[in-house]
Every structure is written in C-alpha cells, then in structure tokens.
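Below is one structure, written out as structure tokens; comments come after it.
Here the structure is a predicted model, which means the values were calculated and not measured.
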Amino acid sequence: MAGQFQAPKGVPDYFPPRSNSFLAVQNAIGHAATLAGYGYVELPVFEDVNLFVRGIGESTDVVSKEMYVFEDRGGRTLALRPEGTAGVARLVIEHGLDKGQLPVKLWYQGPFFRAERPQQGRYRQLQQVGIEAIGAPDPALDVEVISVADDAFRSLGLRNFNLMLTSLGCANCRPEYKEKLIAYLEKLDLDEETKTRGKLNPLRVLDDKRPEVQKLLDKAPLMINELCDACANYHREVEDLLEATDVKFTPAPKLVRGLDYYTRTTFEFDHPGLGAQSGIGGGGRYDGLMSSLGGNDLSGIGFGIGTDRTLMACEAENLIVGEKSLIDVFIVPIGDRAHQLAVSLLQQIRAANLRADMAYGDRGLKGAMKAADKSGAQIAVVIGDEEVSNSRVQIKNLGDSSQVQVALGDMVAHLIQVIRQTEQS
Ligand code: HAM
C-alpha cells in the first residue's frame with residue numbers, strides 16, 4: 001500500500017542491502033583520504049548564501065538556478081550547501097587553520113543540494129566525499145589529490161573510469177584568453193541563448209554537447225594553448241608526475257567545470273557505464289578562492305567525488321562492494337527461559353565483534369529458523385528448554401546445515417572459529 005508521503009522529488013533513499021554498499025563506497029573514499037593525511041571536517045549543511053555566491057560565482061548554474069535559499073527566523077538569508085569547497089575555505093579562514101602547518105589537508109562527506117532537473121544519476125540531494133588541500137602551490141600536491149581519487153576508485157575494484165585533465169590558467173593568462181574566445185564566439189552563427197551564455201561565461205560554450213555547435217567550435221582558441229609560461233610549466237610538471245606515478249589521464253582541453261573558482265589544474269573522472277550523467281568525480285585548483293572570501297592569499301586544490309554515482313559505477317562493473325549480509329549469528333530461542341538467555345548471549349557475541357541478532361516475538365521453531373535463514377547469518381544458535389537446563393547450545397551452520405552442540409562457556413570461541421574459517425574459505 002502506498003503511504004501518504006514520498007521522498008521529495010529527486011531525493012534518493014538508501015536502505016539495506018544497497019545502503020551497505022553505499023557506506024562501503026563512502027568509507028573507501030574516506031579511507032584513501034585518511035591514508036594521505038587528510039583530517040576530517042564536519043561542515044554545516046547550510047551557510048550564508050553569499051559564501052556560495054562569492055565563492056562559486058554568480059553566473060554559474062549552481063548559484064543562479066540551483067540553490068535552495070531560505071530565510072531563517074532572524075531574517076538571515078541562508079542556502080543549503082550546493083558543494084563543499086566554499087564551506088571548507090570559510091572554515092579554514094574562520095578558525096585560522098591556515099596559520100599552522102601548510103598545506104591544510106581536510107576531507108568531508110555528506111549530502112549537498114542542487115535543484116537540478118532530476119534524472120538517472122542526477123539528484124537534488126546528492127552525496128559527495130571531498131578533499132581539499134590549502135596553502136601549497138606545488139604540482140606534487142595536485143598529483144596527490146588526483147591520486148587519492150584514483151586510489152579510492154581502484155580500492156573499490158573500479159577499472160573502467162577515465163581521468164580527463166586540463167589547465168584553466170590563472171589571473172594573468174585567462175582574461176586575455178577569454179577576450180580571444182569571446183571575439184571568436186561573436187563571429188559564429190550561434191542561437192541567441194548560446195550567445196548570451198557566451199557573453200556571461202564564454203568557456204561554458206566550449207562544453208556544449210550539441211554536435212552542430214561542436215563543429216563550429218572546431219577552431220576555437222583553447223586555454224591550454226594560451227597559458228602563460230608559469231602555468232604552462234606548472235601543467236607540464238603535473239603531467240610528468242602523473243606519468244611517473246602511473247595515473248592514466250586524457251588531455252581534455254575543452255573541459256569546463258560548473259564552478260567558477262577553478263584555476264590551473266582541473267580534472268574530471270567519468271565512467272562510461274553511467275549514461276548521460278557520467279561524471280563520478282571532479283575537482284581542481286582554486287588559487288583565488290581563499291582571498292576572495294577575505295582570507296590569506298593561499299592557493300588550494302581538491303576534489304568532490306559523487307558517492308551516488310561511484311556506487312552506480314561499481315554496479316555497472318558488477319562489483320560486490322560492502323557486506324551483503326547484516327548479520328553473522330542469529331539466535332533462535334524456543335520458550336521463555338531460552339528467550340531470556342538469548343538476550344545476554346547477544347551481548348556476549350557482539351562484545352566479541354561479531355554481528356548478532358535474534359528472533360524477536362513469539363515465532364515458534366519453524367518461523368524462527370526461517371527468520372535465521374532470511375537474516376543472511378552464517379550461523380544459527382538454537383536454544384530450547386533442554387539446552388538452558390544443560391547450559392549448552394546447538395550451533396547450526398546455515399551454509400552446510402551441519403550442527404554441533406557446545407557448552408555455553410565455549411560458544412563465543414566456537415562462533416569466532418567458524419566465522420573465521422568461512423571467511424578464509
Ligand atoms: P562538482 O563537479 O560540481 O564539483 O561535483 C562533484 C561530483 O559530485 C560530480 O562529479 C558528481 O559525481 C557529483 N554530483 C554533482 N552533482 C550531482 C547531482 N545532481 N547528482 C548526483 N551527483 C552529483 C564540486 O562540487 C566541487 N566542490 C569539487 C571540488 C572540490 N573542487 C575542488 N575541490
């Protein structure tokens with residue numbers, strides 16, 4: 001029966017067993033960040049709307065069309081966070097984290113909000129795990145950030161993803177390039193909407209997916225060919241280091257990101273198994289962001305990996321990610337005394353770090369055994385009145401149906417042994 005309420009449009013729910021895989025993906029990315037020395041930050045889910053307007057850029061779709069903006073009871077205008085980089089920069093400035101050791105390396109995870117048109121893989125509440133490294137303009141750091149993403153994907157078993165890489169230049173070379181591109185676009189026979197977009201944000205026109213527009217853009221000037229010497233050298237070093245660390249990439253001179261803060265190294269990971277929304281992660285340098293938010297003039301680089309889409313990529317590659325079952329041991333108590341005993345046995349088993357559950361309610365042996373099977377547990381511990389009197393339990397292996405009786409005092413050791421054996425086999 002359908003209930004009265006549904007999740008808001010474009011907002012996915014995660015529940016078992018798929019939520020296990022979701023958590024495993026999130027943990028794998030977080031683990032890769034932790035291995036590289038990134039510390040965890042828990043960011044606010046909403047911030048002053050101007051942080052995003054200033055940080056991400058007023059003309060971006062994310063800010064101009066997709067933010068959830070609201071007024072709180074004190075008349076402050078707030079927005080649900082559409083992304084994490086601006087929030088991290090704000091946090092670093094507010095708490096003076098940049099006054100200590102540099103770079104400041106932080107990671108975060110959780111939901112972000114964009115009022116996009118929902119479709120497969122494009123949500124209004126999307127999940128990301130991100131990292132940011134602030135305060136060191138060093139190509140080795142760019143390569144570290146890219147490698148953490150690459151390591152995270154590989155640790156999940158993913159193989160069929162691509163890394164697209166380019167440089168978007170800096171405050172010295174980009175303005176000149178932009179002028180060149182605007183002049184080029186003005187000469188083209190583009191529709192009015194695209195022309196307007198070209199005036200607001202000419203780089204975004206390069207990303208137009210329509211083949212007829214791409215044809216017109218064939219000879220468009222490209223940032224990568226117009227970099228100043230400093231940016232060109234920097235980019236060469238990034239590419240050389242990536243080659244040395246065996247991270248494969250494809251030069252993508254027309255790569256454009258939907259956020260305005262990017263400078264120099266800019267990248268995106270995509271997965272061909274996902275259809276139209278193929279971006280599983282993206283990021284880059286943002287060397288002007290800190291100062292534009294009133295902080296010290298420090299460089300920064302980071303990525304945001306889409307947790308939802310990374311999970312979809314794992315599914316596209318038929319990878320089993322995370323535990324399939326929630327439970328190792330399921331207790332089947334028959335009768336009141338067994339029921340009471342089961343409660344304390346559960347505690348003992350869980351204290352040994354095994355996942356344990358029991359048949360709650362009055363189900364009878366048949367119903368309780370069915371519940372044990374359904375639980376996905378490897379082992380059922382069956383206790384009846386007789387077992388309670390003898391201080392013994394029946395241990396049934398639900399895989400091969402073999403059964404042994406063990407003394408209550410030996411139960412936990414026995415369970416650990418059986419679980420270990422199955423893990424190894
Ligand atoms: P972004 O490219 O906007 O970058 O988002 C990063 C990733 O989040 C995307 O590659 C995609 O996997 C996922 N994502 C974005 N929008 C959606 C959506 N509507 N539904 C599902 N998944 C989505 C950023 O947010 C930057 N803050 C990344 C960054 C960090 N750059 C530097 N540091």
Side-chain angles (χ1 to χ4, degrees), residues 50 52-67 82-83 85-86 89 137 139 142 164-239 250-268 279 282-293 297-303:
N50 290 317
F52 301 119
V53 174
R54 188 117 50 93
I56 300 170
E58 211 158 350
S59 72
T60 59
D61 283 355
V62 169
V63 165
S64 64
K65 299 185 192 154
E66 296 168 1
M67 268 203 302
E83 60 99 54
T85 312
D142 301 39
M164 282 151 339
L165 178 77
T166 197
S167 170
L168 289 181
C170 68
N172 285 331
C173 50
R174 194 154 66 210
E176 215 172 295
Y177 164 71
K178 253 187 171 171
E179 291 303 318
K180 242 185 178 173
L181 182 60
I182 290 172
Y184 178 86
L185 294 177
E186 270 169 3
K187 280 189 248 142
L188 299 183
D189 184 21
L190 294 165
D191 57 274
E192 278 312 309
E193 198 189 327
T194 315
K195 270 193 175 153
T196 318
R197 184 144 36 102
K199 277 184 193 127
L200 268 173
N201 199 335
L203 270 81
R204 278 201 37 212
V205 178
L206 293 179
D207 199 31
D208 201 303
K209 299 283 179 283
R210 292 169 295 180
E212 65 275 17
V213 177
Q214 274 308 321
K215 213 164 164 199
L216 290 173
L217 293 170
D218 230 18
K219 301 220 158 55
L222 296 172
M223 183 73 247
I224 198 80
N225 300 328
E226 313 280 337
L227 297 173
C228 60
D229 287 349
C231 285
N233 290 336
Y234 194 95
H235 196 62
R236 204 164 307 121
E237 266 192 72
V238 171
E239 289 189 327
T250 309
K254 285 187 179 162
L255 176 67
V256 178
R257 308 266 300 129
L259 314 157
D260 272 356
Y261 48 60
Y262 290 111
T263 55
R264 291 194 170 173
T265 310
T266 307
F267 58 89
E268 233 165 63
R285 279 212 153 265
Y286 42 85
D287 291 347
L289 179 63
M290 287 288 285
S291 60
S292 78
L293 297 177
D297 187 10
L298 290 176
S299 63
I301 178 159
F303 69 61

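Side chains of Leu190 and Val213 form a contact here, defined as non-hydrogen atoms less than 4.5 Å apart. For the pair Tyr234 and Glu239, the minimum side-chain heavy-atom distance is 4.5 Å or more. Val205 has its side chain within reach of Thr194: a pair of non-hydrogen atoms, C-beta onward, lies under 4.5 Å apart. Two residues are said to be in side-chain contact when any heavy atoms from C-beta on lie closer than 4.5 Å; Leu206 and Leu181 meet this criterion. Using a 4.5 Å heavy-atom threshold, the side chains of Glu268 and Arg257 count as touching. Two residues are said to be in side-chain contact when any heavy atoms from C-beta on lie closer than 4.5 Å; Ser59 and Ser64 fail this criterion.
For the 3.5 Å distance criterion, the side chains of Thr60 and Arg204 fail to qualify, holding no donor opposite an acceptor.
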Result block: side-chain N/O donor-acceptor pairs under 3.5 angstrom for residues 195-203, not counting sequence neighbours:
{"from": "Thr196", "atom 1": "OG1", "to": "Glu192", "atom 2": "O", "distance (Å)": "2.7"}
{"from": "Asn201", "atom 1": "ND2", "to": "Asp260", "atom 2": "OD1", "distance (Å)": "3.4"}

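In plain terms, the two heavy atoms of Ala89 and Leu289 that are nearest each other are CB-CD2, 4.0 Å. Contact between Leu217 and Leu188 at its shortest, heavy atoms only, is CD2-CD1, 4.0 Å. In this structure, Pro82 and Val62 approach most closely via the heavy-atom pair CB-CG1, 3.6 Å. Smallest separation of non-hydrogen atoms from Gly169 and Arg174: O-NH1, 4.4 Å.
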With side chain to side chain contact (heavy atoms under 4.5 Å, CB included) as the criterion, how do Cys231 and Met223 come out once you've worked through the C-alpha distance, each side chain's angles and the decisive distance to 0.1 Å?
CA-CA 11 Å; Cys231 285; Met223 183 73 247; over 6 Å; no
Pair Arg264, His235 - check side chain to side chain contact (heavy atoms under 4.5 Å, CB included), show working.
CA-CA 7 Å; Arg264 291 194 170 173; His235 196 62; over 6 Å; no
Would Thr250 and Leu165 count as a side chain to side chain contact (heavy atoms under 4.5 Å, CB included) here? Give the steps.
CA-CA 6 Å; Thr250 309; Leu165 178 77; over 6 Å; no
Evaluate side chain to side chain contact (heavy atoms under 4.5 Å, CB included) for Glu237 paired with Asp142, printing each intermediate quantity in order.
CA-CA 10 Å; Glu237 266 192 72; Asp142 301 39; over 6 Å; no
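Not counting sequence neighbours, the partners of Tyr286 by the side-chain hydrogen bond (donor to acceptor under 3.5 Å, both in side chains) test are Glu132. Remark: Pro253 engages Leu222, Ile224 in a side-chain contact (heavy atoms from CB on, under 4.5 Å) (not counting sequence neighbours).
Summarising the geometry, atom CE belonging to Met290 is positioned 8.0 Å from atom CG belonging to Leu293; distances are rounded to the nearest 0.5 Å. Considering OG of Ser292 and CG of Asp287, their distance stands at 11.5 Å, rounded to 0.5 Å. Considering CZ of Arg285 and CD1 of Ile301, their distance stands at 5.0 Å, rounded to 0.5 Å. The CG atom of Leu216 lies 7.0 Å from the OH atom of Tyr184; values are rounded to the nearest 0.5 Å. To the nearest 0.5 Å, the span separating CG on Leu185 from NZ on Lys180 amounts to 13.5 Å. Taking CG from Leu259 and CZ from Phe52, the interatomic distance works out to 11.5 Å, rounded to the nearest 0.5 Å.
More than 12 heavy-atom neighbours from other residues, nucleotides or ligands sit within 6.0 angstrom of NZ on Lys254. Around CG of Asp189, the count of heavy atoms belonging to other residues, nucleotides or ligands within 6.0 Å does not exceed 12. More than 12 heavy atoms of other residues, nucleotides or ligands lie within 6.0 Å of CG in Asp191, so this atom counts as buried by the packing criterion. More than 12 heavy atoms of other residues, nucleotides or ligands shown are found within 6.0 angstrom of CD on Glu212.
At least one donor-acceptor pair under 3.5 Å links the side chain of Gln214 to the backbone N or O of Asp208. Judged by distance alone, with hydrogens and angles left aside, the side-chain atoms of Glu83 form a donor-acceptor pair with the main-chain N or O of Ala86 at under 3.5 Å. When atom types are taken as modelled, the side chain of Lys65 and the backbone of Val63 share no donor-acceptor pair closer than 3.5 angstrom.
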